[in-house]
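Keep in mind the model is a prediction, meaning the values are calculated, not measured. Along the sequence shown, residues carry numbers from 1. As the structure lists them, so they are numbered: ligands from 1, and atoms in each ligand from 1.
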Amino acid sequence: MNVYHTRNSLKVALQEVRLRGETIGFVPTMGALHDGHLSLVKQALEQTDRVVVSIFVNPIQFNNAADLAEYPSMLDEDINLLSEFENILIFAPSSSEIYPENDAFKVIDLEGMDAVLEGEFRPGHFKGVVHVVNNLFKIVEPDKAFFGRKDFQQVAIIQKMVAVLGSVVEIVPCDTKRSESGLALSSRNLRLSNDEKEAALIIFQTLQFIRSLQPHKTPNEAQQAAVDFFNKGELKLEYLAIVDSQSLKELTDEWSAEATCCIAAHCGEVRLIDNMQF
Ligand code: PAF
């Protein structure tokens, strides 16, 4: 397995890939890999010749020091999981490789997309995500980058970043992987007990409930009914919003062609997010 820890060593390896005329896919991760990540890797391998998987827990996208401290880190296990694939390059850099002293990153105007939903509850989170993805793109220079739809707002913001920068990287959103009972796969699930995993199913059940309401109710009515439904469970709701998938603006009276319901909630100590597009 090819594991690179410095930007220069990865760039040299990728130069050879390009000289052979091969395309490069990119799956950025923060490690603690699960089947959701592996399905991104599989899709990347179907669509490109060589795939870079980065493993870097990005400190600047955490607005809560405890959350960062609790974030699982298991590089050896991650490398082991990826060793079942061919044509993978693992990039596991230190912070100084991603944020060098001469970091030329310039803040991008996201026109408020970073201030709503997750952005409201995790101030600065998307600035950190955009910064790290921008710096990673500069190192990897992929043809295509693969992101999970579970982080719906992240996908919308990365698409916006690419449009604003006029970048040629194609963003490929990939469907959320779920457990058989419907829990969206997430590295954070490692911190849930079995009882908490059971309780967390209320998130998926609420999303399905909204889907069933959509033909009969306005978004506002559906949102209120869904909050009542959700609150019958044991989780602590942070937000439940129905938004337009492109603008992220909240829908109240009418459904737009692409509406998404986003939920964030605390299950014990663990903050979970999920969404469903209608
Ligand atoms: O989705 C994630 O795991 C992270 O936000 C990302 C895209 C790897 C940036 O740190």
Side-chain angles (χ1 to χ4, degrees), residues 4 7 10 25-41 43-44 51-64 67-75 77-79 81-82 88-99 103 105 107-108 110 113-114 117-119 121-142 144-162 165 167 169-177 184-191 262 264 270-275:
Y4 302 87
R7 46 200 289 143
L10 180 70
F26 181 38
V27 179
T29 81
M30 297 206 298
L33 302 182
H34 50 68
D35 279 353
H37 294 113
L38 300 186
S39 86
L40 297 182
V41 171
Q43 290 179 65
V51 173
V52 177
V53 180
S54 65
I55 297 176
F56 176 65
V57 181
N58 176 31
I60 67 164
Q61 72 184 70
F62 288 82
N63 61 315
N64 174 335
D67 198 19
L68 173 59
E70 297 280 344
Y71 205 86
S73 173
M74 41 183 70
L75 184 59
E77 285 95 325
D78 290 342
I79 292 173
L81 273 180
L82 291 170
I88 297 280
L89 299 88
I90 298 176
F91 183 42
S94 63
S95 228
S96 58
E97 290 293 321
I98 296 294
Y99 301 116
D103 185 354
F105 174 73
V107 173
I108 294 162
L110 297 166
M113 286 173 80
D114 55 336
L117 302 170
E118 284 299 282
F121 291 89
R122 303 179 71 190
H125 168 67
F126 287 114
K127 288 209 165 54
V129 170
V130 165
H131 193 159
V132 76
V133 172
N134 182 74
N135 286 16
L136 285 164
F137 278 9
K138 277 199 210 141
I139 298 168
V140 179
E141 298 183 85
K144 295 185 180 197
F146 299 77
F147 290 86
R149 282 203 169 96
K150 185 176 93 60
D151 294 306
F152 153 79
Q153 187 174 9
Q154 173 168 278
V155 174
I157 284 178
I158 298 300
Q159 282 169 327
K160 173 82 179 171
M161 175 192 102
V162 162
L165 296 177
S167 162
V169 181
E170 183 185 335
I171 305 302
V172 185
C174 304
D175 286 346
T176 302
K177 282 282 269 186
L185 299 194
S186 161
S187 305
R188 290 168 191 263
N189 297 355
L190 285 174
R191 293 167 52 206
C262 304
V270 184
R271 186 175 184 278
L272 299 173
I273 59 169
D274 200 353
N275 68 82

Side chain to side chain donor-acceptor pair (under 3.5 Å) against D103, all qualifying residues, sequence neighbours excluded: H131, N135
Carboxylate-amine/guanidinium proximity below 4.0 Å for E118 and R271: yes
May I have the N/O to N/O pairs between ligand 1 and the protein that fall below 3.5 Å, each with atom names and distance to one decimal?
from, atom 1, to, atom 2, distance (Å)
ligand 1, 1 (O), Q154, NE2, 2.8
ligand 1, 5 (O), Q61, NE2, 3.0
ligand 1, 5 (O), Q154, OE1, 2.7
ligand 1, 10 (O), Q61, OE1, 2.6

N58 side chain to Y99 side chain, donor-acceptor N/O pair below 3.5 angstrom: yes
Interatomic spacing from CD1 in I55 to CD1 in I90 - rounded to 0.5 Å: 5.5 Å
Donor-acceptor under 3.5 Å (R7 side chain, E97 main chain): yes
Atom of A184, atom of K150 and distance for their closest heavy-atom approach: CB-CD, 3.6 Å
